[in-house]
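First the structure, in the form of structure tokens, and then the observations on it.
Chain identifiers are assigned alphabetically (A, B, ...) following the order of the sequence lines, protein sequences preceding nucleic acid strands; residue numbering begins at 1 within each chain.
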Amino acid sequence: MFHHIQNSLQELVSAHLSARYGVTLPVALEEPADPRFGELALTCAFQLARQLRKPPRMIAQELASDLGEMPGVAAMEVAGNGYINIRLDRGAYGASLGAVAPRAAAGGKIVVEHTNINPNKAAHIGHLRNAVLGDTFVRLLRASGHDVEVQNYIDNTGVQVADVVAGFHFVEKKSRDEVAEMARRDRFDYVCWDVYSNVSRHFGENAADEKAWRHETLHQIEAGEGELAAMGNVVADAVVRCHLRTMARLGVTYDVLPRESEILHLKFWASAFEQLKERKAIYLETEGPKAGCWVMAGSYYQQDAASDDSKVIVRSNGIVTYVGKDIAYQLWKFGLLGKDFHYEPLPGEPSGRTVWISTSRPRPEGAPSFGGAATVYNVIDSRQSYLQDVVAAGLRALGYTEQADRSIHFSYEMVALSPRACAELGFEIGEEDKGKSYVQVSGRKGLGVKADDLIDKLIATALREVTDRHPDAPEDERHQAASAIAIGALRYFMLKYTRNTVIAFDMQEALSFEGDTGPYVQYAAVRARKILREFETRNGSLPDFSAMDAGAFGRQLSDEGLWQFAVVASKVDSAIAKAIASGEPAHAAKYAFQLAQAFSRFYHDYPVIHETNAEKRTLLLWLTSWFGHQLERTLDVLGIPVPPYM
RNA sequence: GGGGACGUAGCUCAGUUGGAUAGAGCGGCCGCCUCCUAAGCGGCAGGCCGGCAGUUCGAAUCUGCCCGUCCCUACCA
């Protein structure tokens, strides 16, 4: 509702400015920090002051009287040097709050690619940040009416998978069948975690083995033939399944899983390669250390590039780099490659929605049409910004400038470990890391917090809290509540930091359920539901809310506390729009927290059920119900469930 | 060397395209459970917004130069 008023006022004022003064400028409508200044404030008098060569206060006075009556506005006051403070008509505003704003989709399909975990080991907390950020952004976009497709790219033929295969084969001396047997058991991704760190350690001590084993394994995997290739499929498929299960615990889902093996087998790269060569986006280097490589000139992907800067796209041995494959994949996402994957439903996925996975053989099943996006968001950590620049430059070099502009690197900083977390986990910190405020996680070193371990720990902690408060509740119910709380705590923790903040993961902070946390927000939702349930238990049903007209809202919302509460709770759409515009899911999380804070105060200050004045009681119940709806809408966007009780 | 990010309360972080008195959580101290769940509420203490200059009616926010921290800069991904 707030969002709606903001937009219409902006239009009105903007039209007035151009008619009255012949100027067009973006009308700044801010929300004053101090509620005594009203709900909105115009600062355009300041912006106009220089152009009109008049003091801002005079312009403000002129504007305020010229604008006169505006719909939904009760009063305008000139304040300070030239602010125009706007007070909304509380009765009309209150009466309009229940209305649901229509959502118009516009701008074509948006592809969001996230998660993208190498299928060679268990997911860790860094991957969680990626998935939660991506999933939440998807929910934000969908909540505002966009058509969104979620892709999770599976690099099942890369070095990381090859290294684990080499570990199983050369170090652990396991056959393909033995690995397949292990893969059927629980938490195979944990087994791979150890195999990977073991083989990485071995490679660190034995460079010859690294070169030989990796070469042999990669060669088989890329050819798609041999024992090691078969083992690679077993490992990657099983680990992908583990990852999907881990993400499902957090409510993270996907529409399609494009795999690198199909990029290879369906010759995606060959098509992209032809386009790149034809458009002279890349060239064959003839001299220097990169002789024999197909490279992209540095000037394509960075300003002020040194003249000899270039990025290898195809190695001198003819094998394409990851970036090259990524350019092909990116072209496909926009429908520019002239090729498509084949798809099959991923078997064994829980019902509800089908997850499709790419396959190289045509399948009869009617898969939806994937790719062909108008806009693409790649949720990838900031360390890869250089490579993302190269990918976008590839599109641009092919003449797809619009798509390059709509190819957005949704970057975020890494999740590192606080020194205390390292100590708790029993990791030895190297000398060079001692003085640092955080330590980077490393799959190769096995240094990190596994996602499932963290989730388990959160559930156990939450279960203790729930059991303390509800010792007599059935166990499965308590467990359900604890799981919801754990998800809330984890997702909120991953979202509360803005994207360019490095998270120094600290177990105690992550396990905290008080203050600026998910459970605090969930608690507000639980209590709102409880009040309504309690009232119904005592009185049979809720009162008839249709009796609440603008007059009643006007009378009751003259109470400053209730009015402020209603205003805050009316800003859901505004918060979602802001989070999308700024690309910061953290803003939506922050808003959810502010909502919960407002409710906590309301809960404390207004005993709803015990209110004796009938009109006021009805309004309090209506506010509680409507607030609950608003908060749950916000929580839904954050992917945070509401526990049955806490 | 080049590119990028960051520096705000003891700690961890917000700060909406430059706006009114710089906020939150945690930690510290003091209060509040006969009353819809205290995972809560209220209060107090705590800041030359890294430094210096500039831009202007106005700067934590924009520009330049310093200081400090981190990331990237592979024929790895």
Determine the contact category for [X]: base if any of its heavy atoms lies under 4.0 Å from a base atom, sugar-phosphate if only primed atoms, P, OP1 or OP2 are that close, otherwise nothing.
X	answer
L532(A)	nothing
P289(A)	base
V608(A)	base
Y83(A)	base
D506(A)	nothing

Under 3.5 Å, N/O pairs linking protein and nucleotides 31-35 of chain B:
residue: C35(B); atom: O2'; partner: H610(A); partner atom: NE2; Å: 3.3

Discussion item. Is R533(A) close enough to C36(B) that one of its side-chain N or O atoms is under 4.0 Å from OP1 or OP2 there?
Written reply: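 Answer no for this pair, as no side-chain N or O of R533(A) is under 4.0 Å from OP1 or OP2.
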
Discussion item. Check whether N152(A) reaches the backbone of N116(A) with its side chain - one donor and one acceptor, N or O, closer than 3.5 Å.
Written reply: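 Such a contact is found between N152(A) side chain and N116(A) backbone.
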
Discussion item. Between A20(B) and F37(A), is there a base-stacking contact, meaning the centre of the base's six-membered ring lies under 5.5 Å from the residue's ring centre while the planes stay under 30° apart?
Written reply: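 By the stated criterion, F37(A) and A20(B) stack.
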
Worksheet item: Ignoring hydrogens and angles, does a donor from either the side chain of R383(A) or the base of U73(B) sit under 3.5 Å from an acceptor on the other?
Response: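 Looking at the base of U73(B), it does not pair with any donor or acceptor on the side chain of R383(A) (distance under 3.5 Å).
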
Near RNA chain B, under 4.0 Å by heavy atom, which residues of [range]?
range	answer
residues 515-530 of chain A	G515(A), D516(A), Y520(A), Y523(A), V526(A), R527(A), K530(A)
residues 590-597 of chain A	K590(A), F593(A), Q597(A)
residues 158-166 of chain A	V159(A)

Item to complete: Kindly express the pairing pattern of RNA chain B in dot-bracket notation, using | wherever a base pairs with another strand and counting only Watson-Crick or G-U pairs under 3.5 Å.
Response: (((((((..((((.....[...)))).(((((.......))))).....(((((..]....))))))))))))....

Worksheet item: What pairs with R464(A) under salt bridge (Lys or Arg N to Asp or Glu O under 4.0 Å), at least two apart in sequence or on another chain?
Response: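 For R464(A) there are no salt bridge (Lys or Arg N to Asp or Glu O under 4.0 Å) partners, ignoring immediate neighbours.
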
Item to complete: On the 0 to 90° scale, with breaks at 30° and 60°, tag the F599(A)-F565(A) ring pair as parallel, tilted or perpendicular.
Response: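 Ring orientation of F599(A) relative to F565(A): tilted.
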
